[in-house]
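This is a predicted model, so every value here is computed, not measured.
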Amino acid sequence: QVQLVESGGGLVQAGGSLSLSCAASGRSFSSYAMGWFRQAPGKEREFVAGVSRDGSIAVYADSVKGRFTISRDIAKNTVYLQMNSLKPEDTAVYCCAADRDPAWSFIVRRTPGAYDYWGQGTQVTVSS
């Protein structure tokens, strides 16, 4: 079992930056690919970024490519999402998730249904 706790959300002006963290409990954290997803009011949950179990592969949604950076610190059991050049359309609840399927640990999946463990999320609000 893995528990995920996000932090770092808040209110920022357009063009600003925020750094999100996702702290994981459990010894198997280093075996899982990890992802960040977001959900805005009235919209479906969407993939933002993901990283392979060893951090060697990072994948991004087109909407955030070049602005967001995902990374992980295995020793600290933590995944990060650095968000720069934020836009009002980035406003959403951001959640991290863990994909425990070992067959996919080096391939980052984009569909929410592929992930087994979820955090409760942290609100990010970008004002114009």
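For Asp116, the salt bridge (Lys or Arg N to Asp or Glu O under 4.0 Å) partners two or more places apart in sequence, or in a different chain, are Arg100. Listed by chain and residue number, Asp62 satisfy the salt bridge (Lys or Arg N to Asp or Glu O under 4.0 Å) test with Lys65 (two or more places apart in sequence, or in another chain). Under the side chain to side chain donor-acceptor pair (under 3.5 Å) criterion, Asn77 pairs with no residue, sequence neighbours left out. With sequence neighbours left out, the disulfide (SG to SG under 2.5 Å) criterion links Cys95 to no other residue. With sequence neighbours left out, the side chain to side chain donor-acceptor pair (under 3.5 Å) criterion links Arg110 to no other residue. Scanning for side chain to side chain donor-acceptor pair (under 3.5 Å) contacts around Asp73 gives an empty result, with sequence neighbours left out. Thr125 is linked by a side chain to side chain donor-acceptor pair (under 3.5 Å) to Gln123, counting only residues two or more places apart in sequence or in another chain. Partners of Glu89 under the salt bridge (Lys or Arg N to Asp or Glu O under 4.0 Å) rule, at least two apart in sequence or in another chain, do not exist in this structure.
The distance from atom CG of Asn84 to atom OG of Ser19, rounded to the nearest 0.5 Å, is 9.0 Å. Interatomic distance, OG of Ser31 versus CG of Asp101, reported as 12.0 Å (0.5 Å rounding). The CD atom of Glu44 lies 8.5 Å from the CD atom of Gln39; values are rounded to the nearest 0.5 Å. Rounding to the nearest 0.5 Å gives a distance of 5.0 Å between CG of Leu11 and OG of Ser127. Interatomic distance, Arg67 CZ to Ser85 OG, rounded to the nearest 0.5 Å: 7.0 Å.
Nearest heavy atom pair, residue Gly119 against residue Glu6, reads CA-OE2, 3.1 Å. Closest approach of Ser56 and Ser52 over heavy atoms only: N-OG, 3.3 Å. Nearest heavy-atom pair across Ala33 and Ser105 is CB-O, 3.9 Å.
Residue Ile107 belongs to a hydrophobic cluster whose other members are Trp104, with links defined by side-chain heavy atoms closer than 4.5 Å. Residue Tyr115 belongs to a hydrophobic cluster whose other members are Phe37, Phe47, Ile57, Val59, Val108, Trp118, with links defined by side-chain heavy atoms closer than 4.5 Å. When hydrophobic side chains of Ile, Leu, Val, Met, Phe, Trp and Tyr are connected at separations under 4.5 Å, Val48 ends up clustered with Val2, Leu4, Val12, Leu18, Leu20, Phe29, Tyr32, Met34, Trp36, Val51, Tyr60, Val64, Phe68, Ile70, Val79, Leu81, Met83, Leu86, Tyr94, Tyr117, Val124, Val126. Val93 belongs to no multi-residue hydrophobic cluster, having no ILVMFWY side-chain contact under 4.5 Å with any other such residue.
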Subject >> Test log, rule side chain to side chain contact (heavy atoms under 4.5 Å, CB included), inputs Ser17 and Gln82 >> reply: CA-CA 8 Å; Ser17 298; Gln82 177 65 41; 4.0 Å; yes
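Checked for salt-bridge contact, Arg38 and Asp90 meet the test: a charged N lies under 4.0 Å from a carboxylate O.
Between the side chain of Thr78 and the main chain of Lys76, a donor-acceptor pair closer than 3.5 Å is present. Remark: side-chain polar atoms of Gln3 are not paired, donor with acceptor, to backbone N or O of Ser25 under 3.5 angstrom.
Looking at Arg72 and Tyr80, their side chains never come closer than 4.5 Å, going by heavy atoms from C-beta outward.
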